[in-house]
Amino acid sequence: MAAETPTPIPIINFKQQALQLLPDGASFDACLTCGLCSSGCPAAGIENMDPRKFIRMAMLGMNETLSTTPWIWCCTMCRRCQHVCPMSIDISQLVLLARSNWPNDRKPAGIVRSCTLIRSTDSTSAMGLPPEDFVFVVNDVLDEVRATQPAFAHLQAPIDKQGAHFFVNQNSREPMSEPDEMVPLWKILDLVGADWTYSSKGWAAENFCMFAGDEAAWYDVTRKRIEAVDDLGCSVWLNTECGHSYYALWNGINRFDLDVGFRLESLITYYARWIREGKLPVNSDWNRRAIKFTVQDPCMIVRKAYGESIAEDMRFVVRSLVGADNFIDMQPNRSANYCCGGGGGFLQAGMNEQRRSYGKRKFDQIQATGAAYVLTPCHNCHSQMEDLADAWHGDYHVVHFWTLICLSLGILGENERTYLGPDLLALLD
Amino acid sequence: MEPSTSRFSEPAHDTVETDVLIVGGGMTGAGIMRDLALRGIHSTLIDRRDLCAGASGGNHGLLHSGARYVSNDRESAVQCRRENVLLRRLARRCIEPTGGLFVAIDGDDPDFAAAFPQWCSVAGIACELVTPDEARRLEPHLSERIIAAYRVDDATVDPFRLALQHVAHAGSLTGSSYRPHSDLIAFDHDNDQLTSAICRDSRTGALLRIRARQFVNAGGAWAGRIAQLAGCPDVHLRYSKGTLLISHDRLTNHVVNRLRPPADGDILVPGGTVSVLGTTSLRIDDPDLAVPTVAEVDRNIAEGAMMLPVLATTRYLRAFSRVRPLLPAGDDGDDRHAVRGFALYDHQGDGLTNFCTITGGKLTTFRLMAQQAADLVAARLGNTTSGRTDTTPLPEDDSCRWTEPGAAPRYWHLAGNRDDMVLCECEMVPQSAIDEIVRCAPGAEEEMTLEAIALRSRAGKGPCQGSFCGIRIASYLYDRGHYRDRTGLQHMRDFFNERFKGMRTVIRGPQAAQMELAEALHCGVLGLDALDDEDDRDPLTQRLETGATDD
Amino acid sequence: MTKERRHVSCQLAVVGTGLAGFAAAVFAGNRALDTALTGNTGALAYTTGYLDLLGAMDGGGPPLDDPWQALQTLQATQPEHPLCRLSPASIHAAFTEFTSFLGSAGLNYSPPGRRNETVLTPVGTLKKTLCVPSTMAPGTTALTDKKPCLVVDFHGLKGFSARQVVANLGGSWPVLSAARLVFPGMEHGEIYPEVMARSLETAATRAHLAELLREVAGDVTTVGLPAILGIHRPDRVRAELEKLSGLRIFEIPTMPPAVPGIRLRELLEQVLPQRGTTLIPQQKIKTLSFEKDAVRLDLADNYGPIVIEAQAVILATGRFLSGGLAADPNGIREPLLDLPVSQPGSRADWFREGYTDRRGHPINRAGLSVDDSCRPLTAEGRPFDRRLFCAGIILANQDWIRSRCGAGVAIASAYRSVEQVRQLLGD
Ligand SMILES: Cc1cc2nc3c(=O)[nH]c(=O)nc-3n(C[C@H](O)[C@H](O)[C@H](O)COP(=O)(O)OP(=O)(O)OC[C@H]3O[C@@H](n4cnc5c(N)ncnc54)[C@H](O)[C@@H]3O)c2cc1C
Ligand SMILES: Cc1cc2nc3c(=O)[nH]c(=O)nc-3n(C[C@H](O)[C@H](O)[C@H](O)COP(=O)(O)OP(=O)(O)OC[C@H]3O[C@@H](n4cnc5c(N)ncnc54)[C@H](O)[C@@H]3O)c2cc1C
Ligand code: SF4
Ligand code: SF4
């Protein structure tokens, strides 16, 4: 019989741990208590906590409070606080530590479930989609496209193709709930003549084990995915439009000091490259009504990983797609951007009120641009921003890059238009 | 003694009455106040600055087990041992039973270390041998070079809370009252009696006469001067300046003492969330001129780092100096070897029958000192109740709870009121604490200074040393109508100046960054360095002011 | 995993994103120098937004009305002062160029005038400055004209009290009153100016606040608010709020963490790359080495190592707060190149006894000594390297805090340095 009382949360000595986790000079005792971190943190105020308070409470020995505060599931570990801190103090390290310290039965069930599912099949899919189902869905959709879209009668979606250049991953949400959303990506890869493959193993993008603070599981998933790429002998692991999947693998490789024989790349970089090389001849002529677009920089690939270069690529792609005049940047942006509030597993944590309050800043940012569409290469950002539009009564839509690329190229199929608003749909008619 | 009428006797000032006037709001004075109240006697306690402004607010906060004195002052050692046990039981909330370690390091006199347990046992002090490895397990920051270690019953004490609670308890028992910033400047005599004392308000300059039947001088290092004012020339004190440092962090759980004859930088005492390192000892001539120097700071750090190498690199927030009043005794040049006992003067020999002086001693023995002084005063008043401080537990008073490190955020977090804004972010002191202090802490008054508020809380004690919270608390007090004119600005400036005295000699490393930020804000932006002349010098203001009279 | 090292090569590398570093990048950009810029958060983040040239003479004395005349005095009394490395005319040109750049990017400032302006501080004292953000300028006018005025603060915004401002200014500003509002959508808990400012970038919040302001203003037509009028387009936010409320509105700076510093940083970090500067934001240079063909700067961001190769370098790393100087127990150090630091004889002399001593603390005058071209000097008094220049408050022989010349030193020395770089690189 299951125990009635939840497992107690062990108490961490944060000050002591910080000595080990934080580098000299950027450790807690360098903190000026200036508050820039809290001022810039969307989670400030939730559960009566903010990054500066977290630091001070650690210093004041309030280990019990910090070990048990649910705020650690509201901090998305976006590292914006570190970004603006004159001393570069990284609070997210301790938040991750606190997360890992919670017994599984106390952690937000959604995150734990996703991590468990990831480990339940060779797919590493957070939705538990087994390899054979993935293969079935891909082939099924492919058959349908070949049959119904004559221009793409030749379309390929290779699986387990040995020696392919690109190993392409996929967020489980597509094969699981909106399979047609995979098609634009296939079309793009087809158009540029990419030598690519899916894998039946380790194909899934998402990695909630990292957010759960489950180091062992995170390692396990990382290893599985590396093996999958190595098995097929691919040279590039091409990360799909998903933020944390990139970060979890890239950071996992660094953290666990793993050796890999392939490169990790983001699809965004390749979109930009293919456009520059003329392989993706997109233009903005279609945007006759000067519909405005903005772009969301996912923390996981911009601030926390690539930095400015990918932010620049993203803007280059958007400008090419919608016209420079129709692109309006959010403020702040690039490495200084706010987390959407869906990251760090927040979307899965079941803390909706807190998550929406966090996301209010993102919502205001979007509203301030006046844009009708937000483009983002991240599924978490995507879902969160859609939810925010609902919760705070916004009138924008959120779209994937692949949708807009295909739209611009005039090859967006009927079933691939889920995320378009009436104005864009009208343009297509 | 000549019946003198002081030059302050014209009735130009207010007069208050009390049974006993106690001069000096250190731990001794506060202790006497409570002791008398427990015997049903009303008293008034005054301090020229505020509670614990003297040695009581500037010491290590070590509640001695007595072990420190076993080698050279057995009487003190035994007194400490007894008081330590009593206070742990009776003033629980003010004391942290940390335990203490005595450690010798390579190069220290091995004979001293060897004799130590024997000395302890003669003084009845518990002392347990621990291996160097064990010591390092207990305190990971201890040096690799430890050769011997003993564990004793040292504890730490929060003198501010202790004093506040004494005053609060006395107030609740007999309505005894406490008056800060009341500088005693003269006595009125009538034959063998003092009749009243004249105090000057050190903020406004206003004079106050306090009539009393009995007068107690608990002036610590200033006791000699106060006795002089009463016409008693025989309280001879020597002044030994000690300098202490406060680190940003608590570095050990135990008190750590160097196992050698007392010398510089040989004690590290945890104090809530920080550690206190000290001390040096330097003879000075004037107890008002005790300021820390860079040389003393460096000396403490160098010596302390022998026991705990981390002391060389840790961030320090403050250094301060206070004076130990030493009673005349054998003179071997080192004041640390002077007798640490205390003395009670009844001044009978000076022809006075209602004046006494109590000075010397230690924080640890304040209760005993207070008891002996109160015994004399009670007897002189014909009160036959015996002292009860050795059996009566010290009650809690809510308004005194804010001095405990780490307590404010606990209360605040527990209450979970989002609108109770945290004003001091370093120590997490919320608005509600300020409200409570301003309303009812001992010594609370209408236009309370930021220093007075800080003394009754942890505000200003963290890494920013008040540079941010001073501004936030002041603006809050303006909001609440406590300040209605530029007084708040002056209080802000005075507070920052006061905090700076403690920072001056330890500004290095990250503290230099903190200081630059503070000074840029206080002087560069707010112009607090030019406050006095802003009004008369600023041509625009002048223009505006002349303009204003036109309307 | 091996990390690719990324290379940037440029004519000029600017180290530091304080006012000096940013100004240097602006001047360099205007002179078509190919420039790379790096730096972390520093002193600039805490500024009021006022650009001071010279507000007082070192060592006390009355606040200065005429900074230009004071510069001449400074020439005579302190020729080593960084503001004396160039003519007042050049300094004027530098301020003009920098503020017009900010203006063209959407953050308008009053142009440098003949006299200092008198401006408000967060606690209701007054301060002298040269250039005022246009969101704050109406406050100065209202003060001079003694316009009846309402100062508004907000529930939950700590450290800014309208009653305080009024209490401290009331003597010289007869019809001044205070009111407290609840900021739209932020009814509970503590709120930061940055958050309010971002919220005011949306039309909905502006409309809501305008209504609240109209209600509370009564007969008064001028309203002072804490600095919250947007981060990104403050002038527009103010204009719209004024239109909606029918009130004259101005900002009063607040204590840190405040909006003006964030505004400047975000704006410059956004606009400079658009105008060709290579920006590596929020990172510090780890090592700097002078090789034969180029100066090599090594740093790393989250992604991995980066190397910058430049023909010239401007060091604008600020003081202790920003890490340009380090206060070691046995002396002040310049951590990047270990350049000699001019400083007081011993640590005991760093500070005076009194914190607010009008004469300032000797440590404030410590820093790098330079030649007339703003080149840091070796112990022997020779330029450390002909390709190395230095700008900003890291420079010795100035106490910007006491003489209220932070922006002045930063902008003027950046201007001088860039001119010298241009000469070195031969246009
Ligand atoms: C550096 C140092 C470290 C120490 N460490 C320890 C320790 O770890 N443990 C321990 O047990 N003891 C320690 N002591 C000793 C201990 O601090 C003192 O013995 C004790 O605090 C004395 O208390 P007091 O009330 O007698 O004197 P004080 O606390 O000095 O009080 C005297 C008060 O009289 C006031 N006063 C003076 N003149 C006037 C006047 N004219 N009118 C009105 N008021 C006046 C002063 O403002 C002051 O507040 C230390 C002492 C020093 C100096
Ligand atoms: C509280 C406060 C209020 C102020 N108010 C005003 C005001 O009202 N008016 C006014 O004129 N001025 C004001 N100032 C001053 C103004 O901000 C400074 O004068 C100005 O920013 C100094 O410019 P700086 O660029 O020389 O130094 P800083 O602003 O300190 O910038 C130094 C830069 O160097 C960077 N850096 C350091 N080391 C490295 C490295 N190794 N690699 C790369 N980068 C590095 C830092 O990250 C930082 O970006 C204020 C300052 C403060 C602190
Ligand atoms: S920004 Fe950095 S220095 Fe400032 S309070 Fe936050 S952690 Fe401390
Ligand atoms: S990591 Fe992001 S959410 Fe977490 S404290 Fe820092 S800024 Fe806030």
Side-chain angles (χ1 to χ4, degrees), chain A residues 11 13-20 22-39 41 43-72 74 81 84-89 91 353-354 357, chain B residues 96 140-141 247-251 253 270 272-274 310 313-317 404-422 424-430 458 460-469 471-472 509-518 520-521:
Chain A
I11 307 304
N13 183 336
F14 281 91
K15 215 177 77 182
Q16 209 172 53
Q17 293 293 322
L19 280 179
Q20 276 139 46
L22 301 180
D24 257 7
S27 190
F28 283 4
D29 66 356
C31 172
L32 305 167
T33 64
C34 69
L36 282 175
C37 51
S38 300
S39 164
C41 163
I46 299 176
E47 305 290 342
N48 257 355
M49 188 66 77
D50 60 46
R52 172 171 54 182
K53 290 200 171 72
F54 200 91
I55 292 184
R56 289 312 303 161
M57 285 175 156
M59 291 310 289
L60 295 172
M62 296 182 67
N63 292 324
E64 192 169 335
T65 310
L66 292 187
S67 298
T68 55
T69 175
W71 183 76
I72 56 160
C74 304
C81 47
V84 299
C85 168
M87 302 293 160
S88 300
I89 296 171
I91 290 124
E353 196 187 321
Q354 292 94 323
S357 137
Chain B
E96 188 187 341
H141 282 307
S247 62
H248 173 256
D249 239 318
R250 177 171 175 147
L251 299 165
N253 287 318
T273 49
V274 300
V310 64
T313 51
T314 200
R315 176 177 176 185
Y316 293 95
L317 298 181
E404 184 189 335
R410 268 204 319 275
Y411 300 133
W412 174 79
H413 196 265
L414 219 62
N417 174 5
R418 300 172 63 190
D419 289 325
D420 185 13
M421 247 84 67
V422 171
C424 163
E425 291 278 358
C426 297
E427 297 288 326
M428 301 189 64
V429 182
R458 292 286 301 168
K461 310 280 195 308
C464 96
Q465 287 289 294
S467 58
F468 294 127
C469 66
I471 302 177
R472 284 191 290 257
Q511 207 57 25
Q514 192 88 58
M515 193 65 226
E516 184 184 333
L517 179 53
L521 186 59

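Numbered from 1 within each chain, the chains take letters A, B, ... in sequence-line order. Below, all heavy atoms of this structure are taken into account, side chains as well, without hydrogens, waters or symmetry copies. Keep in mind that what you see is a predicted model, and the values were worked out from it rather than measured.
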At a heavy-atom separation under 4.5 Å, does [X] approach chain A through its side chain, its backbone, both, or neither?
X       : answer
V422(B) : side chain
P405(B) : neither
E427(B) : both

Residue part contacting chain B, namely of M59(A), when any heavy atom lies under 4.5 Å: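 Both parts, backbone and side chain.
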
Does any heavy atom of chain B fall under 4.5 Å from the side chain of M87(A), the backbone, both, or neither of them?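 When you check distances to chain B, only side chain atoms of M87(A) fall under 4.5 Å.
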
Kindly write out the residues that satisfy side-chain hydrogen bond (donor to acceptor under 3.5 Å, both in side chains) with Q465(B), not counting sequence neighbours, or none if the list is empty.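 Partners of Q465(B) by the side-chain hydrogen bond (donor to acceptor under 3.5 Å, both in side chains) criterion, ordered by chain and then number, come out as R318(B), R499(B).
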
Should L32(A) and P86(A) count as side-chain neighbours, where that means a heavy-atom distance under 4.5 Å?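 Counting from C-beta outward, L32(A) and P86(A) do come under 4.5 Å.
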
Proximity of F28(A) and F14(A) rings by center, below 6.0 Å: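 No, they do not, as the ring centres are separated by 6.0 Å or more.
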
Mind checking salt bridge (charged side-chain N to carboxylate O under 4.0 Å, His left out) for R250(B) and listing every partner two or more places apart, or none if nothing turns up?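 Salt bridge (charged side-chain N to carboxylate O under 4.0 Å, His left out) list for R250(B), sorted by chain: E96(B).
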
Salt bridge check, D249(B) against R315(B): does any charged N sit closer than 4.0 Å to a carboxylate O?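 Salt bridge: no.
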
